[in-house]
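Taking it in order: structure first as structure tokens, then the write-up.
Computed from a prediction, not measured in an experiment: that's the story for all the values here. Positions are given from 1 along the sequence.
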Amino acid sequence: MADEDVRQSLLSSTNDSLNLNETKAIQRRKSHHRSKGPSEKESQEQEKVLQPLINVEPTFVGLEFRIKYVLLLLALYLGIGTLWFFLIKNQIYGKKTNGVIDAIYFCVVTMTSVGYGDLVPHSTLAKILSCIYAFTGVALVGLILSNAADYIAEKQGILLVKSMLKNEKFNTAEVLMDVETNRDKYKFLMTSLLLVVLIISGISFLILVEGMEFIDAFYCVCSTMTTLGYGDKSFSTQEGRMFAILWILSSTICLGQFFLYLAALYTEKRQRSLVKWVLNRKLTPSDLEAADMDHDEVVSAAEFILYKLKEMGKICQDDVLLLMERFKDLDVDHSGTLTTDDLILS
């Protein structure tokens, strides 16, 4: 009896929500047919498009605080490494330029696992410190920078949506759905654009400053971004290493994010195909039997929704059972509904 009441409550809530949406839709249609000046219509249409995006941006406030913390941690990590390797600079062999710049450059090529080999630890102490820095760098800094890159790509994705929809006529629901459903797509586009910029800037710098031929510059850029770091081509000048400090960090992480978003985009495409198939396929008697949770030979709206969500992979049977058990625990008076008294007694 309690389970039946729960399902009826869910169905009632669904119907109320649908009725409310229909009422809002009628109000919007009435408002749409009112006589307005051209400028007023245009202003309200732009407000419709931009308002949901403006409302989305406050959610980034917490993330921005976390990014500041991440950057502070990265600066601290680089600072410690720079101090280490500057103090033992005489125990590191290779082509030297400036002591501080070389120390930072050595930290970057170590933590990103590029390891050109143009600067190598020679003493026992230098090798031990390099090993420690390499392990902590790959494990810690890679994760931190990936999160930072993910935030930046998502932030830029919102700006991309704004620019793409600026002159289009979409209502609020459509814009929100576009931002939500195409989030990975926009991240992938922004990361791809940034990757192209980094490749072009790296090749251009190596040609203009390091004096490499185009093929050698392209080869060096590719071996660096993929962290192969063969070492036959690298940044050898002081200016080149100053540029490489930021460029290596950005390019290696950007390439990793590119493949991450590419995989996410492929997964999202497969998920959408599954959802489309689930929604369009014809129901069979066996489907109705499986969806009939209370075995009363009829399928309610709540049972149909739960069955389709399970079929789409959004939830599983164990999730439903756990939630039902939790509901029963909270429903102290066994009325099939939750009240304030139930919460107090539980």
Side-chain angles (χ1 to χ4, degrees), residues 7 10-11 13-15 17-18 21-22 24-25 48-49 52-53 55-56 59-60 63 146-147 149-196 226 253-293 298-324:
R7 282 188 292 272
L10 178 57
L11 179 57
S13 299
T14 304
N15 291 332
S17 177
L18 292 174
N21 290 336
E22 291 177 358
K24 290 182 178 179
K48 277 184 180 182
V49 172
L53 298 177
N55 293 336
V56 170
T59 61
F60 289 97
L63 290 176
S146 294
N147 290 333
D150 183 72
Y151 164 77
I152 293 171
E154 187 163 345
K155 184 75 171 179
Q156 294 301 316
I158 294 296
L159 298 178
L160 179 63
V161 173
K162 281 186 178 182
S163 63
M164 291 176 63
L165 303 182
K166 184 176 182 181
N167 298 319
E168 300 290 338
K169 296 180 179 180
F170 292 108
N171 60 37
T172 301
E174 288 174 333
V175 174
L176 286 173
M177 183 173 291
D178 184 77
V179 173
E180 184 63 29
T181 59
N182 295 298
R183 187 182 300 270
D184 289 332
K185 175 183 175 182
Y186 293 132
K187 285 182 179 181
F188 176 75
L189 290 175
M190 292 306 302
T191 306
S192 300
L193 179 61
L194 179 58
L195 188 63
V196 171
T226 55
I253 296 300
C254 184
L255 184 64
Q257 294 299 108
F258 172 82
F259 289 115
L260 176 65
Y261 295 143
L262 180 62
L265 203 60
Y266 174 73
T267 303
E268 180 185 344
K269 183 179 179 180
R270 291 188 60 186
Q271 180 64 27
R272 287 185 181 181
S273 298
L274 174 62
V275 170
K276 185 178 179 180
W277 176 80
V278 168
L279 291 176
N280 294 330
R281 79 177 186 86
K282 293 183 179 180
L283 291 178
T284 63
S286 61
D287 291 321
L288 294 179
E289 183 179 355
D292 186 14
M293 296 179 61
V298 292
V299 175
S300 65
E303 289 174 328
F304 176 79
I305 292 171
L306 288 174
Y307 178 71
K308 283 299 182 181
L309 287 174
K310 288 190 290 184
E311 197 173 17
M312 292 175 186
K314 304 291 185 181
I315 59 174
C316 65
Q317 183 66 24
D318 291 339
D319 295 329
V320 177
L321 294 176
L322 286 173
L323 290 174
M324 286 300 298

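Between the CG atom in Leu306 and the CG atom in Asp319 there is a gap of 11.0 Å [rounded to 0.5 Å]. Atom CG of Leu323 and atom CG of Asp318 lie 11.0 Å apart (nearest 0.5 Å). Atoms OG1 and OH, on Thr191 and Tyr261 in that order, are 5.0 Å from each other to the nearest 0.5 Å. Here the CG-CG distance, from Leu189 to Leu265, works out to 8.0 Å after rounding to the nearest 0.5 Å.
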Stepwise side chain to side chain contact (heavy atoms under 4.5 Å, CB included) test for Leu262 and Tyr266
CA-CA 6 Å; Leu262 180 62; Tyr266 174 73; over 6 Å; no
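Using modelled atom types, no side-chain atom of Asp292 and backbone atom of Glu289 make a donor-acceptor pair closer than 3.5 Å.
For the pair Tyr307/Glu303, no side-chain contact is recorded, criterion being any heavy-atom separation below 4.5 Å from C-beta on.
Of all the heavy atoms in Lys282 and Asp287, the pair that sits closest is O-OD2, 4.1 Å. A pairwise comparison of heavy atoms in Val299 and Phe304 identifies CG1-N, 3.7 Å as the closest pair.
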